[in-house]
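Here is the structure we will look at.
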Amino acid sequence: MRSFTYERATDPRAAVAAVSRSGAKFISGGTNLLDLMKLDIEDPSHLVDISRLPLRDIEELPDGGLRIGAQARNSDVAADARVRTRYPALSEALVSGASGQLRNKASTGGNLVQRTRCPYFYDTAAGCNKRDPGSGCAAIGGFNRIHAILGASDSCIATHPSDMAVAMTALEAQIELLRADGSARRVAITDFYRLPGDTPHIENVLEPDEMITGVLLPPPLPGRQLYRKVRDRASYEFALVSVAAVVSTERGTISEARVAFGGVAHKPWRSVEAEDALTGRPATMATYRAAAEAAMRDAVGRGHNDFKIELAKRTLCRTLAQAAGAS
Amino acid sequence: MIGQAVNRVDGPLKATGRATYAYEHWEAGQPLYGFIVGATIGKGRITRIDTEDAERAPGVQLVMTYLTTPEQGPRDESIPFEYWRAQPVLTGPDIHYYGEPVALVVAETLEEARSAADLVEVEYRAGRGRFDFGEFEDVYIPKTVNAGLPTDTAVGDFDAGFAGAEVKVDQQYTTPYEFSLPIEPNACMAEPRGEDLVIYVSCQITDAARDSVASTLRMAPERVHILAPFVGGGFGSKLGIHSETILAAFAARTLRRPVKVAMTRQQVFQLVGMRPTSSQRVRLGAGRDGRLSAIAHDVTMHTNPDIEYAEQTAATTRSLYAAPHRLTSHRLTALDLPRGTDVRAPGEAPGMLTVESAMDELADALRMDPVELRIRNEPTVDPERDVPYSDRHLVDCLREGARRFGWENRPATPASVRDGQWLIGYGMSAAIRGHFQGPTAVRVRLETDGTAVIQTDMTDIGTGTYTILTQVGAEGLGLPLERVRIELGRSDHPTSWGSGGSWGATNSCTAVHRACMTLREKLLDTVRDDARSPLHGLDPANAVFSDGNVGTDGASEALGEIVARNHPEGVEAEGRTLFMGDDPNYSAYSINTYGATFAEVGVDADTAEIRLRRMLGVYSVGRVFNPKTARSQLIGGMIWGVGAALEEEAVVDPRSGAFVNRDFAGYLVPVHADIPDVDVVVLEGYDDKANVLGAKGLGEVGICGSGASVANAVFNATGVRVRDFPVTIEKLLPGLPPMDA
Amino acid sequence: MMSASETAVGRSQGEMAPLSAITLNVNDQVRQLQVDPRTSLLDALREHLRLSGTKKGCDHGQCGACTVLINGRRVNSCLTLAVMHENDAIVTIEGLGDPGHLHPMQRAFVERDGFQCGYCTPGQICSAVGMLAEVEAGWPSHVTADVATPGIALTDNEIRERMSGNICRCAAYPNIVAAIRGSAEGGPG
């Protein structure tokens with residue numbers, strides 16, 4: 001870990017101003033950044049500590065939605081009564097991730113921008129276009145069991161590791177960003193993340209002089225929400241595949257659905273194809289199978305991760321069956 | 001005292017964070033910090049190494065490379081055991097495996113050392129390495145396998161016996177590279193004291209550590225003092241010392257300051273060695289009555305080309321079941337990977353995983369209860385050594401386990417029982433493990449205040465040595481527990497064989513017992529001749545030692561008073577345990593521990609996620625010193641079996657020779673949520689052939705077969721037999737039923 | 001703001017950032033120390049304050065051996081910087097109890113043999129203390145049947161899931177669960 005200087009920011013605009021200089025980075029929970037700094041994968045020369053900014057609150061929005069401050073800890077969001085009752089998939093996603101200790105530290109904003117867990121990204125001696133643009137992708141042709149089956153490129157087959165962001169994607173969250181000049185913008189979570197393309201090192205649309213200040217959840221759709229995470233170990237493991245689903249049914253017919261996958265792509269993967277295949281159809285396994293096929297139509301395995309295509313289909317079918325059955 | 005469920009005597013220290021491990025000693029003041037730089041190729045040569053920037057970095061005191069390392073003693077293969085041999089590091093420009101140390105950076109702080117390590121510039125010429133176990137067919141035959149066991153054995157005529165069998169199993173299994181991974185990473189602090197070196201190191205055998213450090217640094221062994229009062233787990237990986245110890249020692253000698261070096265978790269995966277990967281062919285031939293006529297177990301494994309390690313994977317098969325025609329063999333393929341090394345239950349763990357899976361396959365082919373199949377093949381004598389068993393209770397373990405587990409409720413047909421989304425299966429396995437004995441000496445001293453001090457270089461790596469030696473010492477001298485003090489982990493104390501091989505408890509307890517008996521005789525001789533003692537002239541045969549006193553026929557005297565009056569410096573005795581080769585029982589009998597494990601799993605019918613639901617182990621291990629610590633160790637072993645069956649696998653990238661998943665996020669070991677109720681029953685026992693105390697080791701028998709019980713339960717749940725361990729989602733998924741509504 | 005140094009911009013390799021003088025509140029004691037900004041809270045505890053009860057098992061948040069309580073919450077001290085914790089109340093294993101005055105959780109671990117080698121133990125114990133407070137506060141977990149339902153029954157499955165961030169390679173898991181259950185029920189363990 002190279003040396004750096006440290007400052008603690010006291011207000012959001014000053015924080016953004018401080019991070020605008022070359023080599024500076026925000027630190028909040030530190031659970032991903034310090035992990036990477038110890039391995040010389042992240043190498044900031046200046047750290048701006050935003051963990052104590054007054055961005056921890058979870059507030060009601062006039063439209064019936066909820067605003068989650070970027071500095072709200074994962075554990076606080078998961079335990080919030082409004083989140084638990086109105087956005088249970090978000091609470092479920094959060095508590096399925098990491099460990100109690102990490103959730104107590106990890107912030108909402110930090111969770112959104114956490115880096116991939118690709119082991120070649122973590123190995124500075126291996127080629128990785130995300131870590132070192134132009135150096136190749138060792139995961140292609142390497143051990144790629146946890147890698148992407150959708151939206152990958154020849155430059156990068158990494159996955160986004162977040163559970164939280166997958167649920168937020170199905171819940172159609174918007175991300176609130178603040179610039180140093182005090183102006184703010186909102187970006188839909190699906191637009192926030194980028195696919196790897198030729199520039200896998202650019203993972204989202206966050207500008208260098210921007211800071212995530214909050215996440216806006218629109219009023220929830222009626223119907224049942226579920227988050228289902230599949231992994232080898234019963235706990236404390238990143239998802240092989242996960243599914244966040246929101247399903248509304250009326251008299252046996254699916255009236256609306258939102259579907260997002262985790263562990264399958266460079267970003268939380270909203271499947272409009274699956275949603276289209278569900279809407280207006282009977283809530284039956286045949287419909288779920290059709291949705292799963294639609295969702296995975298363009299899926300490509302890379303060898304060790306071939307099984308994730310079938311696993312994603314089966315996970316989606318079961319999650320939909322549970323969600324529709326109970327909604 | 002022996003046999004009581006006493007709490008760990010070191011428990012309060014450990015539970016309050018006051019137990020000090022290798023990296024945590026401050027007696028010598030502020031140490032310097034070393035950080036290891038590892039090679040980033042798997043095979044080849046250093047063409048340039050530039051340490052200038054690193055040396056100029058803040059706080060840096062020393063950068064060692066092969067160009068600057070003092071001359072080292074060679075690894076002497078005439079020394080019978082690897083762990084006592086020199087372990088030279090930074091030996092030259094050649095790189096033998098990925099991650100091999102190429103430099104040590106020593107600085108004032110850990111942050112500075114780690115940062116400067118990144119500034120050491122190394123250029124390599126990469127060679128063509130042999131990294132992929134599956135790619136190479138060339139094998140060689142090792143002279144012997146681990147622990148000096150024969151490489152191959154043959155009894156009867158296997159080919160004829162197998163050819164004539166009515167029912168056959170002939171299957172190929174593979175097991176992965178596995179790591180011990182104690183939670184305390186390998187660590188050492190070396191402190192120069194005049195011409196001597198004091199070495200705080202996380203190790204299992206201090207005697208081996210001393211010899212190894214001394215011969216590598218070309219020092220006299222008596223100038224090296226190993227201290228390992230607490231060791232944060234070993235599981236085989238700390239039987240010997242590793243590069244961090246040698247590097248810390250050299251740096252401390254060079255700088256004349258204490259230097260400490262710990263491996264990072266990632267380095268542990270590269271520098272310590274691992275259980276070799278294996279390919280195993282198991283052939284079982286049986287009659288329709290289930291009686292085995294032929295057993296063959298042929299194993300091929302990886303080895304490092306320079307430091308041969310041949311895990312004794314087929315060795316337990318030699319004593320497990322009766323069959324007239326038998327074969328076992330071990331072959332090695334040299335790969336440019338870190339050395340193979342002992343990982344908890346070497347040989348037994350991967351060997352029983354496959355053989356007990358094959359037995360399950362045979363039971364399935366015969367449509368026979370797997371418990372009954374094993375009972376039908378119970379031998380009367382050790383079938384390869386042709387000697388009697390000392391105290392074999394495998395069938396008792398099987399029957400008791402089946403009864404307690406409710407084995408009769410096992411789904412008779414695989415993939416036939418569901419509980420909601422879960423496919424339910426039961427599995428079981430037998431367990432056997434050889435019991436070993438090694439030379440061990442302890443000193444027991446009775447002080448003038450009536451307390452006893454027991455000293456040995458033996459370690460407590462979590463096994464409970466402090467506690468059981470307290471119990472044996474207290475019983476041996478008739479003292480309350482709190483008046484026995486144990487000093488472990490100092491190489492200057494009498495020499496033991498250390499902790500490992502499940503021999504530590506019996507070696508050291510037997511020696512303590514003998515020392516106590518000798519000390520009793522000394523005390524009785526003393527009082528008999530001591531006119532000032534109320535016991536003057538007593539008949540030693542009637543003497544009773546109890547509660548700190550010795551007495552006979554109503555008269556009694558406190559031990560402390562006897563000692564104070566006659567031995568103002570205290571009185572001591574040594575006790576010894578023989579090497580098993582010098583103990584006739586070990587050639588006249590087949591001495592083993594036994595067990596049976598039973599597991600129930602659920603497999604998610606949609607996603608193939610496997611979750612253990614409950615597990616039971618029933619063991620026969622002779623006499624137990626402490627049921628509480630024994631149960632803990634057995635449970636721990638069983639859970640290792642669960643990990644081996646379902647989770648643990650280190651993956652080599654065949655392009656680089658690097659372990660890809662070299663951390664706890666990528667290399668999965670069981671966590672709390674993976675482990676439901678695990679119960680252990682230990683049968684009452686006493687093996688009079690094992691030692692005077694009737695006890696046998698139990699640190700590893702818990703792993704033996706326990707993984708197979710889980711894998712067999714997965715088969716029972718799904719009807720899918722996975723022979724490539726661990727059993728994971730992608731291997732089951734294709735065999736699952738289609739999704740229903 | 002503290003120790004914001006403009007000199008670090010354009011640093012060269014190996015250049016040292018100035019040490020930060022910080023005040024930590026550890027186990028109800030105010031401790032002044034000079035740390036490199038890179039120093040993790042874990043290394044500050046172990047190497048500066050010589051409170052080595054907090055253990056380093058992986059240094060990457062993957063084992064839980066470094067768990068301490070900060071303002072009552074359990075966290076991995078390896079993945080946070082010492083300079084970030086001024087004015088926080090930090091409790092380590094040494095602050096929970098000592099061999100002569102064991103915390104009830106420490107006593108329960110000793111009684112139930114909730115460890116073998118002892119290296120993950122301080123982290124397990126601190127984690128267990130923090131975890132029970134989370135249950136008390138009604139936080140849901142991955143095994144909570146319905147996250148919307150307030151109130152948590154402390155089943156063994158809840159304990160296991162919530163303690164899964166603490167790896168025990170000796171695999172004392174069943175005993176640890178028994179110790180925590182015993183301690184939570186107010187018994188001797």
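A note on names: the letters A, B, ... follow the listed sequences, proteins ahead of strands, and every chain is numbered from 1. Since the structure is predicted, the reported quantities are computational estimates derived from the model, not experimental observations.
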Please state whether the side chain, the backbone, both or neither of A:Leu47 comes within less than 4.5 Å of a heavy atom of chain C. side chain
Please check this pair: side chain of C:Arg38 against backbone of A:Phe4, looking for a donor-acceptor N/O pair closer than 3.5 Å. no
Calculate, to the nearest 0.5 Å, the distance between atoms CZ and NZ belonging to C:Arg74 and A:Lys105 respectively. 14.5 Å
Tell me, out of C:Gly64, C:Pro150, C:Ala148, who's got the most heavy-atom pairs with chain A below 4.5 Å. C:Ala148
With only heavy atoms counted, which part of C:Thr149 is less than 4.5 Å from chain A, the side chain, the backbone, both or neither? backbone
Identify the heavy atoms of C:Ser40 and A:Lys38 that sit nearest to each other, and give their distance. CB-NZ, 4.5 Å
For C:Asp146, look at atom CG and say whether over 12 heavy atoms of other residues, nucleotides or ligands are found less than 6.0 Å away. yes
Contact winner vs chain A - C:Leu81, C:Asn166, C:Val147, heavy-atom pairs under 4.5 Å: C:Val147
For C:Gly165 and A:Tyr236, which heavy atoms make the closest approach, and how far apart are they? CA-CE2, 3.5 Å
For each of A:Leu39, A:Val83, A:Leu94, tally heavy-atom pairs with chain C at distances under 4.5 Å, and name the one with the top tally. A:Leu39
Looking at C:Met84, is its backbone amide N or carbonyl O close enough to the side chain of A:Arg52 to form a donor-acceptor pair, meaning the two atoms are under 3.5 Å apart? yes
Honestly, the part of A:Ala98 sitting under 4.5 Å from a heavy atom of chain C is neither
Ranking A:Asp76, A:Leu36, A:Val48 by heavy-atom pairs under 4.5 Å to chain C gives rank one to A:Asp76
Using non-hydrogen atoms only, which part of C:Cys126 is less than 4.5 Å away from chain A: side chain, backbone, both, or neither? neither
Would you name the heavy atoms of C:Trp139 and A:Ala79 that are closest together and state the gap between them? CD1-CB, 3.4 Å
Here the pair of heavy atoms bringing A:Val95 nearest to C:Ser141 is CG2-C, 3.5 Å
Would you give the length of the straight line joining atom NE2 of C:His60 to atom CG of A:Asn32, rounded to the nearest 0.5 angstrom? 11.5 Å
What residue, out of C:Ile70, C:Asn76, C:Ile167, C:Val143, has the most heavy-atom pairs lying under 4.5 Å from chain A? C:Asn76
Side chains of A:Leu33 and C:Leu79: closer than 4.5 Å at any heavy-atom pair? no
Taking the side chain as everything from C-beta on, heavy atoms only, tell me whether C:Thr144 gets closer than 4.5 Å to A:Arg84. no
Give a yes or no on this: more than 12 heavy atoms of other residues, nucleotides or ligands lie within 6.0 Å of atom CD of C:Glu136. no
CD/A:Gln101 to OG/C:Ser77 distance, rounded to the nearest 0.5 angstrom? 10.0 Å
Most chain A-contacting option - heavy-atom pairs closer than 4.5 Å, from C:Gly138, C:Pro140, C:Gly61: C:Pro140
Examine whether an atom of A:Arg73 lies under 4.5 Å from a heavy atom of chain C, and if so say whether it belongs to the side chain, the backbone or both; otherwise answer neither. side chain
Answer with side chain, backbone, both or neither: which region of A:Thr31 has an atom nearer than 4.5 Å to a non-hydrogen atom of chain C? both
Using a 4.5 Å cut-off on heavy atoms from C-beta on, say whether the side chain of C:Arg73 contacts that of A:Ser75. yes
Could you look at C:Thr80 and say if it's the side chain, the backbone, both or neither that has a heavy atom under 4.5 Å from chain A? both
Which of these, C:Arg160, C:His142, C:Arg162, C:Glu161, sits in a side chain to side chain donor-acceptor pair (under 3.5 Å) with A:Ser235? C:Glu161
Can you tell which part of C:Cys63 gets under 4.5 Å to a heavy atom of chain A, answering side chain, backbone, both or neither? backbone
Using non-hydrogen atoms only, which part of C:Asp59 is less than 4.5 Å away from chain A: side chain, backbone, both, or neither? both
Heavy atoms only, distances under 4.5 angstrom: which of A:Ser51, A:Gly23, A:Gly100 has the most pairs with chain C? Name it, please. A:Gly100
Cut-off 3.5 Å, side chains only: do A:Asn104 and C:Glu134 have a donor facing an acceptor? yes
